[in-house]
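A, B, ... follow the sequence lines: proteins, then strands. Residue 1 opens every chain.
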Amino acid sequence: MKSLGSIRRSFAPWADPTSKPFISFKNVTKKFGDFIAVDDLSLNIYTREFFALLGASGCGKSTLLRMLAGFEQPTSGEIILDGQNLAGIPPYRRPVNMMFQSYALFPHMTVESNIAFGLKQDGMPKPDIAERVAQMLKLVKLEKFAKRKPHQLSGGQRQRVALARSLAKRPKVLLLDEPLGALDKKLREETQFELMDLQQQLGLTFVVVTHDQEEAMTMADRIAVMSQGKVVQVATPAEIYEAPNSRFVADFIGDVNIFDGTVAATEDGRVRVETAGGVPIRMASSEKLSTGTRAAVAIRPEKIRVTREAPQHAPLNAAEGEIWDIGYLGDMTVFHIRLKDGKVIKASSLNAVRAVEDPLGYDQQVWVSFGEDAGVVLKD
Amino acid sequence: MERIASAVASRLVIIVPYAWLLFFFLVPFFIVFRISLSQTVIAMPPYTPVFDLAGGLSGILEGMREFSVDNYVWLTEDVLYFNAYVSSLIIAAVSTFLTLLIGYPIAYGMAQAPRSIRPTLLMLVILPFWTSFLIRVYAWIAILKPEGLLNQFLITIGVIDQPLIILNTNWAIYIGIVYSYLPFMVLPIYSALEKMDHTLTEAAQDLGCTPITAFWRVTFPLSLAGVVAGCLLVFIPAVGEFVIPDLLGGSETLMIGKTLWNEFNSNRDWPVSSAVATILLLILVLPIVYFQNVQAKADSEGR
């Protein structure tokens, strides 16, 4: 059996200019009265992609999903699915199925009839329905619960029924609205991987809406970070994390330290930034920045070193401060270090060994430092 | 101490409804039942035996020996009573069905209305109760009589040239019952529809249902508890209805409420009318028990 990871690694249709998008949003705008939920948005999603729409509540991600499902009509712009313009096509004629955030299981029907609902509606012959339902129950490992009603199931089981029901009709695209939102942390993490395996196994296109960045990072091939009805960045999880294209994305995904300043000099692929707090930074950057413009340097906490001694390159890419707070998380420890100008820097270090001799403690004077490729320079 | 006090308090809370039922339902029912076993006499009160506490326990036992089921036997011998029961059940059933037909769309419309105007709509449904029931039924006489508002209106716009005879027919009774009991149908259905998760209909549409099939496969089954409650709230009082058939119905309209009234007031036959009432109650207990079962089932499903 081929490892899923190897398939995944080579999967990048968005990078290939000859591949045709499966779903296309073209200049889609959706207004509710005066409120603009989705603002002139264009986006391409490819076949077999696991695509995540990520953003805070009210950013328009759910509206986008509901427009794809057919519950909302775009105010302007068009949505193309597999070469077909979806305008005017009602939800019940679209080749997509949705898994609802509340699961929306029919409370008066058994698990079995819930899964069979869409098949029955399509007039599938009875023996075929029974076969498909059995197949779906097996897929979500709920064979023993076929005759139960939704209220007799746990949250995780209900989630699986909802998934089985939305997959039963073999849609071209599965839409998932906060699919794991109602599960507890442990179950959520397990289910994330199950969903990924399922998507690979069935070869479907998944579009998932989530506000949970960890969920999006784990599952998705690509993530669209949304804010105020617009897509701020579309990229793979690694690109989003390591190369955010804006302050918003850097700040939204994970923890980040942002140094504001002005560009002092540029030299073959590197930028010198004079920061407000007086920390001189030299950082690798592909951005074309002219001297004197405002810029910000974003550095993730795990890329910041905390040492007692000043590093060799000090004062470049280094600053002195004192330990203000220590958060022990088990797998790692997070330090909050207060610099001389009052700025608090977050730094995290992996707890690779069980016990450290003479660990760093509160109020200690330390140096924070980082390499020249630790962060990204962002235009302000 | 506090715990005991609160335990006592919670018992007291439970006692209140039971005491209410005991004094205002069970005791009156036993009085009626006891009279139904008596014989009619020209006296005050017009039945025998009459118990006198002065006679003591033996006196009461002595009196109880005079009890008989003659009145119930009498009810089976005269076909009038059987016909009156059947006719009442039919009229009540037809009225209930018509009320459902009109009440369901109203409740559905209310549940679909924007949240902000729902209290106003609810208010409008309850509003007729602010006028006396009797006055509202009388008003229908003025509307339905041959020279009444309805006929005048229809003749004026040229739909008919002879007045429709509606008053004093069963149609007038249907109109009266539907009109009077409509809120009892609308409110439970509205309450069932209102608490329904609207994403369920979206899910049904997502799975291939048109809005109409989504209604029949999801919305309607889920509102069934409200439909059953509404139907019983209309059906049960409609079977024993007296005022509406008396005022709007014709002389040939046979309803058990009217029969009972005649026995009691015109014939002054308290024992027979008590027997009529007891049988009526037994007929109605069946749907009530059914209603209880449906309700209990719905509760256990957590809806």
Side-chain angles (χ1 to χ4, degrees), chain A residues 33 62 65-66 68-72 89-110 113-124 129 132 136 148-153 158 161-171 173-178, chain B residues 100 104 107-108 111-117 188-232 290-303:
Chain A
S62 289
L65 200 72
R66 290 174 60 80
L68 202 49
F71 300 127
E72 308 285 355
I89 298 180
Y92 48 90
R93 289 221 193 85
R94 295 191 178 197
V96 302
N97 280 128
M98 179 143 154
M99 194 189 130
F100 291 81
Q101 183 174 8
S102 62
Y103 308 148
L105 298 178
F106 304 123
H108 57 305
M109 295 181 189
T110 59
S113 344
N114 262 287
I115 297 173
F117 189 94
L119 305 171
K120 231 182 194 171
Q121 193 56 41
D122 285 358
M124 194 190 239
I129 292 181
R132 182 77 64 86
M136 285 298 144
R148 297 254 188 117
K149 291 268 183 81
H151 69 99
Q152 295 166 317
L153 300 175
R158 266 181 244 177
V161 179
L163 186 65
R165 188 180 69 179
S166 54
L167 284 171
K169 286 181 72 175
R170 304 221 170 115
V173 183
L174 183 67
L175 312 175
L176 304 105
D177 189 1
E178 302 276 4
Chain B
L100 176 63
Y104 199 104
Y108 187 80
Q112 297 290 314
R115 205 163 278 276
S116 55
I117 66 164
I189 296 176
Y190 167 73
S191 121
L193 288 173
E194 200 243 355
K195 67 183 177 197
M196 216 182 87
D197 181 2
H198 78 103
T199 55
L200 292 178
T201 50
E202 280 188 351
Q205 288 194 37
D206 186 65
L207 293 166
C209 285
T210 62
I212 292 168
T213 46
F215 173 81
W216 286 112
R217 289 191 67 186
V218 176
T219 311
F220 188 74
L222 286 175
S223 64
L224 214 52
V227 170
V228 171
C231 285
L232 288 171
Y290 172 70
F291 171 59
Q292 288 284 346
N293 280 342
V294 169
Q295 201 71 344
K297 208 176 142 205
D299 284 348
S300 77
E301 279 182 22
R303 296 285 312 167

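- To the nearest 0.5 Å, atom OH of residue A:Y103 and atom CG of residue B:D197 are 13.0 Å apart.
- With sequence neighbours left out, the salt bridge (Lys or Arg N to Asp or Glu O under 4.0 Å) criterion links B:E202 to A:R66.
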For residues 203-212 of chain B, which side-chain donor-acceptor pairs fall under 3.5 Å, sequence neighbours excluded?
{"from": "B:D206", "atom 1": "OD2", "to": "A:N97", "atom 2": "ND2", "distance (Å)": "3.3"}
{"from": "B:D206", "atom 1": "OD2", "to": "A:M98", "atom 2": "N", "distance (Å)": "2.6"}
{"from": "B:T210", "atom 1": "OG1", "to": "B:T213", "atom 2": "N", "distance (Å)": "3.3"}
{"from": "B:T210", "atom 1": "OG1", "to": "B:T213", "atom 2": "OG1", "distance (Å)": "3.0"}

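- Ranked by heavy-atom pairs under 4.5 Å with chain B, the first of A:A104, A:G70, A:P171, A:A69 is A:A104.
- Contact annotation for A:M99: neither backbone nor side-chain heavy atoms come within less than 4.5 Å of a heavy atom of chain B.
- Across all their heavy atoms, A:L105 and B:L200 have their closest contact at O-CD2, 3.2 Å.
- In this structure, the portions of A:F117 lying under 4.5 Å from any heavy atom of chain B include both its backbone and its side chain.
- Atom CZ of A:F106 sits about 8.5 Å away from atom OG1 of B:T201, to the nearest 0.5 Å.
- Here the closest heavy-atom approach between residue B:R217 and residue A:K120 is recorded as NH2-CD, 3.6 Å.
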